[in-house]
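Quantities reported herein were computed from a predicted structural model and do not represent experimental measurements. Here is how names work: the chains are called A, B, and so on, in the same order as the sequence lines, proteins then strands, and each is numbered from 1.
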Amino acid sequence: MFSILKTENNARRGRFTTIHGTVETPAFMNVATAGAIKGGLSSYDLADINCQVELCNTYHLHIRPGDKLVKELGGLHKFMGWSGPILTDSGGFQVFSLAKLRKISEDGVTFNSHVDGKKIFMGPKESMQIQSNLGSTIAMAFDECVSNPSDYDYAKQAADRTFRWLQICKDEMEKLNSKHDVVNKNQMLFGINQGSVYDDLRVEHMQQISKLDLDGYAIGGLAVGESKEEMYRIVSALNPVMPQNKIRYLMGVGTPGNIIECVSRGVDIFDCVMPSRNARHGSLFTKKGIININNAKYEKDNLPIDEKCSCPTCKRHSRAYIRHLFKAKEMLAMRLSVIHNLYFYNMLMIDIREALDKGTFSDFYRENVDILDLRI
RNA sequence: GGGAGAGUACCCAAGUUGGCCAAAGGGGGCAGACUGUAAAUCUGUUGUCAGUGACUUCAGUGGUUCAAAUCCGCUCUCUCCCA
C-alpha cells in the first residue's frame, strides 16, 4: 500500500508496499518488455543498477512465449528470476503503436501479431486474464491511447471507452483474484487516465476513474506527439483531482528533465524506454547532459562516460573503449551502455528522493532540470 | 616467352549500343533521431570549392568526337591459363 512520507510543494516522497517488496518513490520502472531488459541484462544485474521495479508487457508475453506457458512454469517472477515488484502494461499502448495492424470495437481490439501476422483479439477481459496468468505485482487496465494531436471528439470517445473498459477490468480482476489457482491472488490494478490534451476531458475522466478505488492511478496518452508544455499543463491540471493517497504513475515518460518536472507536479512513478533504447544507440546520459559515444571526439577519450558516475561501467571503462565496442559492433557496447543509462535514471530517482527527504528538492530542480536534457 | 581477362570514389562493386554520369548499390566514415519498445533501429550525408552554380575525376598517357568511365593506340599494374 502507498504512504506519503513527506511533501515539498506538490512533490511527494512516498513508499509503496507490495507482496514482492517495497518501492521507494519517486521511482523509475525499468522496462523489460519481453521479460528482459534489452541490451543483455540479467536479473542478477538489477541490484547493480539500483532497480526497484521492472515493467513487462502483456501483449508481447502473450504472443511469445504465451501467458499460459508462463503460468504453467510458475509465473513471471519465477520465469524471469526476479523476485521484486513487476508491473505489466496491459497491451493498450500496442493498440496505439501497432496502429496499422489493428481494428477497434467496443469489446476490444483485433491485432495482427507483429511476429507472425496471426489475428489476435484483446479486450479488457483478455488483458486481465493474461496479466493474471503472468502473475505480475501490478496489472494495468486495458486502455485506448490516442496519438496527439487528436480531435476532441475522438479523444472523448477513446476516454469514454477507456472508462467502460476500466470497469470491466476491475470486475474481472476481482473475479480472477478470488480463484484458487491463480499465480498472484493479491494482484493490484491501476487505472489509466486519457483525454489527449484537453484539460476538461482529462479532469472529468480522472474524476470518473477515481471513484473506482483502485490501487493506483496512471496518466496515459502523454509524450505521444504533444509538446512538453502541453504535457506539463495536463499533469498540473490532473494533480488536484487525482486521489491524494494513491500512487500516481505517468506512463512512458520521459527525459530526466520531464521526470523532474513531473515529480514537481505530484507524480510518483515513471517508466520509459528512453534510457535503454538510447543506450543501445550510443546516446548516454551524464550529469552535464547527453553525449553520443559514437562521435569521433571520443576516439581517444580515456575518461569514463560520466566522471561523477559510479556505475559498474564507469568504474571500469573509458569512453574510448565503449566507442570502440560500438564501432566493432560488440554486444558488450550495448550492455555496458544500458547498465550506465539505467543506473543514471535510478540514481536520478535516488537523488530526487534524497532531496525530498532533506527538503531541498526545489534546489535540486533548479540545478538539474535543464542541463540533464542538454545534448553536448 | 605465349594466350585470356581485369583496373571505377576510403573499400567492394554496377555502369562499356558514346550524351539523362560526380557516376547505381553495399560496406566503412561522419552526423542526427529515439519518451507505457514491431527499434542491436531509422534518417541525412560522404570528389573539391563555392553553395539554386563552378571545377577536377573512372590506372597513366595520347587520340577520335559537338560530347568519352564507355571507342582507338601505346605504357603501367594485377589475375588466370599454357610453356
List the protein contact pattern of nucleotides 31-36 of chain B with one symbol per nucleotide (5' to 3'): B for base contact, S for sugar-phosphate-only contact, - for none; contact means a heavy-atom distance under 4.0 Å. SSBBBB
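Residue pairs meeting the salt bridge (charged side-chain N to carboxylate O under 4.0 Å, His left out) criterion with at least one member in residues 294-317 of chain A, sequence neighbours excluded: A/Asp301-A/Arg319. Within the structure, the salt bridge (charged side-chain N to carboxylate O under 4.0 Å, His left out) test picks out the following pairs touching residues 15-30 of chain A (sequence neighbours left out): A/Arg13-A/Glu24, A/Arg15-A/Glu24. Evaluation of the salt bridge (charged side-chain N to carboxylate O under 4.0 Å, His left out) test over residues 61-74 of chain A, restricted to residues two or more places apart or in two chains, returns A/Lys71-A/Asp181.
Ring pair A/His77/A/His20 is parallel by interplanar angle, where below 30° counts as parallel and above 60° as perpendicular.
Across B/A6 and B/U43, the matching C1' atoms stand 38 Å from one another, rounded to whole Å.
For A/Ser97, a side-chain nitrogen or oxygen approaches OP1 or OP2 of B/A38 to under 4.0 Å.
Note on A/Arg233 versus A/Asp199: salt bridge recorded, some NZ/NE/NH1/NH2 to OD/OE distance being below 4.0 Å.
RNA chain B is contacted by no residue of residues 197-218 of chain A, taking any non-hydrogen atom closer than 4.0 Å. Using a 4.0 Å cut-off on heavy atoms, none of the residues of residues 339-350 of chain A approach RNA chain B.
Rounding to whole angstrom units, NZ of residue A/Lys38 and P of B/A40 are separated by 6 Å.
Toward the 5' end of RNA chain B, the nearer of the two residues A/Lys329 and A/Leu98, judged by each one's closest nucleotide, is A/Lys329.
Checking B/G28, B/A38, B/A40 against every side-chain atom of A/Arg280, the shortest atom distance belongs to B/A40.
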